[in-house]
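Note: hydrogens, waters and symmetry copies are ignored here, and every other heavy atom, side chains too, is used. Remember, predicted model here, so these are calculated numbers, not experimental data. Chain letters run A, B, ... following the sequence lines, proteins first and then strands; every chain starts at 1.
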Protein chains: 2
Amino acid sequence: MRPKLTLKQIARELDVSISTVSKALRDSAEISEDTKQKVKAFAKLYNYKPNNIALSLKNRKTKTIGLIVPEIVHHFFTTVIRGIEEYANEKGYHVMVCLSNNSFDKEVINMEMLANGSIDGFILSISKETMLKEDYHHINEVINQGMPVVMFDRVVDQIKCDKVVIDDVEGATKAVQHLLDTGCKKVGLITTPDYINVGKLRTQGYTEALNKNRMPIHEKYILKIEDDSNSEELIKEFVKTEDFDGIFAVNEEYAVQAISALRKTEKEIPEDVSVIGFTDGVISKNFIPKLTTVNQPGTEMGRQAAKLIIDKLEKPETEEEEQYQTIEIKTNLVKRESTR
Amino acid sequence: MRPKLTLKQIARELDVSISTVSKALRDSAEISEDTKQKVKAFAKLYNYKPNNIALSLKNRKTKTIGLIVPEIVHHFFTTVIRGIEEYANEKGYHVMVCLSNNSFDKEVINMEMLANGSIDGFILSISKETMLKEDYHHINEVINQGMPVVMFDRVVDQIKCDKVVIDDVEGATKAVQHLLDTGCKKVGLITTPDYINVGKLRTQGYTEALNKNRMPIHEKYILKIEDDSNSEELIKEFVKTEDFDGIFAVNEEYAVQAISALRKTEKEIPEDVSVIGFTDGVISKNFIPKLTTVNQPGTEMGRQAAKLIIDKLEKPETEEEEQYQTIEIKTNLVKRESTR
DNA sequence: TTGTAAGCGTTATCAG
DNA sequence: CTGATAACGCTTACAA
């Protein structure tokens, strides 16, 4: 076991000063070829690598991005993380991942822990609880300290920062339009409560599509699920109440549960009822029938979020025009076997 | 925008020395109550938080763990990450996540990037390519530098370090035994090549179960899939070759693809063929029929891995008995609808 | 061409 | 009780 080599040790071994070593390694013109060769050879031989922490302290930048996600055991977030990690790595950045577990308190604690110099900027998708409370002081505080923040997927207007979202409304509209185009007359919606903004937007897309086609909108065609743990029963009840020939669900799980419930009422998919989900994850691809879905390009979203942050971090400080942008990632409909 | 407060600034404001401020904040007995009150009040008012990077440099420890996983868009790894993050956070540690994307080179680069002082220890599951190459120099190098390493799931004997694995052999045996107990006479296995050690171990479990029950083992009952991208066709062919009444698959995807293929040959699940998968993920839970599986307690695995690392990091250096342990996490069979 | 010294933000030691 | 100083590992004016 040999501990890490430092400039000081090299200097001592080679009987030169620390700064000479430093300069030699950085190929400074100040240093003679001879010395450079000697130092470089030694450094290479003993595999010298500058200490990141020392560099961070000196440069006042850590080259790491803090990422806070509500939940990691979730296909969509996972693809976003991959995108972020991928882009960040290409640019020489690390990613520190924290999970809020959809808890407001954990989100606050995580942000405080990271904001103390550990990272240069945040990428985050806020927790359910935070959206409910509408308390964003922790995020605004960080922004006020001058730390760049990028929000993705679950964003809120009350926070001024760069954002990356998908076109939830449009995606939902496309889905419902497809159902109508293929002959559905009575389309049900399975969604989340409105405080989850993506649920709200997708609901809006559903409504818009129906409006555009001059179809009536009934409250009873819409199921809003508060608590995922009893979604199965709720959905089972819901599909019995009306004679739907189309269902649009705002996530994979609801879509699959709807199919399962419909099957129990002797309906065939897609012959009797067409079903479309949102998020093109492993379930959609592996289910029988394979699900028609609106895909969410999570990896692309992650890459864009990482790009926004890193661009801001590397832009010379002088440009003080605080212009925030919101990037909208396009979804598209993946037609498979659960629709006609 | 107000940048972060430092000790120096507090000292200047309050007209005392930096060290007085430092001591006051840490409640040192050396400082008068008066001064302490004054300093603390000021610090609180302006929300002073010590700079992590400076602390890291001083203490020569970062309180962060480096995590390298082959793939993040994968339910099992995701649960492990959750476990690691959870435990690490409880202990005041951060987690830096890197993806190797199953590439040897990326694994090496990531390790080098992190080993330069950014982290105190590694948790890792090695990439496919690394297992194929059997080149572990990068990992051994880090270990030789005195940095603790914990491997999980995909582990190899050639590396001396703490490990966390699941009882793959036993889990597989239990699965196959269940098939036999419920009347299966001809059990097929869908697995990975032997260089993926978990695949190998599960294959071994299959073999052991058959042996114990004095059933013959035929090569043709076993399908080893090299390349996941054409697994569907291979499985389709495979289930046609023999008249299986039971299938054991080493992951969810293969299990589901087997069911799909069997259905096309007019077989009913589980009436004609029972199917068991490995890894109890979202697919198993949502499929119709719901899959009987061997569950892998990923979160528990992650917690144990994090515990191993942190225990080692916080143990006083003196104890130089290099004893490595391997923790085996127990799986259990989740019986659902795809078996009789 | 090389070396000295200051500084990044902390803490610890020691002197006043 | 308070403060100067050194140190963690590195970079960079500035001096020699």
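At the heavy-atom level, A:Ser22 lies under 4.0 Å from base atoms of the strands shown. Counting non-hydrogen atoms under 4.0 angstrom, A:Ser56 reaches nothing in the nucleic acid. Counting any heavy atom pair closer than 4.0 Å across all strands shown, A:Thr6 reaches sugar-phosphate atoms only and no base atom. Contacts of A:Leu55 with the nucleic acid, taken as non-hydrogen atoms under 4.0 Å apart, involve only primed sugar atoms and P, OP1 or OP2.
Relative ring orientation between A:Phe42 and A:Tyr46 is described as tilted, the plane-to-plane angle lying within the 30° to 60° band.
Atom NZ of A:Lys38 and atom C1' of C:dT2 are 11 Å apart (whole Å). Per the geometry, CZ belonging to B:Arg12 stands 17 Å off C1' belonging to D:dG3, to the nearest Å. Computed from coordinates, the A:Leu25 CG to D:dT12 P distance equals 13 Å when rounded to whole Å. Between the CD1 atom of A:Ile18 and the C1' atom of C:dA5 there is a distance of 11 Å, rounded to whole Å. In this structure, A:Asp15 atom CG and C:dG3 atom P are separated by 8 Å, rounded to whole Å. The interatomic distance linking A:Asn52 (CG) with D:dG9 (C1') rounds to 11 Å, in whole Å. In this structure, B:Leu7 places its CG atom 4 Å from P of C:dT10, rounding to the nearest Å. The distance between atom CG of B:Asp27 and atom C1' of C:dA12, rounded to the nearest whole Å, is 17 Å.
For the OP1/OP2 pair of C:dT10 and a distance below 4.0 Å, the side-chain nitrogens and oxygens of B:Arg26 include no atom meeting the criterion. Listed pair B:Arg60 / D:dG9 meets the phosphate criterion, a side-chain N or O lying under 4.0 Å from OP1 or OP2. Considering only side-chain N and O atoms, A:Tyr48 lies under 4.0 angstrom from the phosphate OP1 or OP2 of D:dC10. Here B:Ser32 reaches the OP1 or OP2 of D:dT2: one of its side-chain N or O atoms lies under 4.0 Å away. Regarding contacts with the backbone of C:dT2, every side-chain N or O of A:Thr20 stays at 4.0 angstrom or more from both OP1 and OP2. For the OP1/OP2 pair of D:dG3 and a distance below 4.0 Å, the side-chain nitrogens and oxygens of B:Ser17 include at least one atom meeting the criterion.
Residues passing the side-chain hydrogen bond (donor to acceptor under 3.5 Å, both in side chains) test with B:Asp162 are B:Lys312, sequence neighbours excluded.
A:Lys23 contributes a side-chain N or O that forms a donor-acceptor pair with the base of C:dG3 under 3.5 Å. Side-chain to base pairing of A:Thr35 with C:dT2: no donor and acceptor N or O lie closer than 3.5 Å to each other.
For the pair A:Glu90 and A:Arg303, the salt-bridge criterion is met [side-chain N within less than 4.0 Å of a carboxylate O].
Among the nucleotides C:dC8, C:dG3, C:dT11, the one closest to any side-chain atom of B:Lys8 is C:dC8.
Heavy-atom neighbours of B:Asp157 CG from other residues, nucleotides or ligands within 6.0 Å: at or below the threshold of 12.
Summary of the strand contacts: B:Ala54 and A:Lys58 both lie near DNA chain D, and taking for each the nucleotide with the nearest heavy atom, the more 5' one is attributed to B:Ala54. Toward the 5′ end of DNA chain D lies the nearest nucleotide of B:Glu30, the other residue of the pair B:Glu30 and B:Leu57 mapping further downstream.
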### Task
Could you give me the CA-CA distance, side-chain angles and deciding distance for A:Leu7 and A:Leu25, then say whether side chain to side chain contact (heavy atoms under 4.5 Å, CB included) is met?
CA-CA 10 Å; A:Leu7 287 187; A:Leu25 289 175; 3.8 Å; yes
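For the side chain to side chain contact (heavy atoms under 4.5 Å, CB included) with A:Ser17, the qualifying choice from A:Leu14, A:Asp15, A:Thr20 is A:Thr20, the only one to do so.
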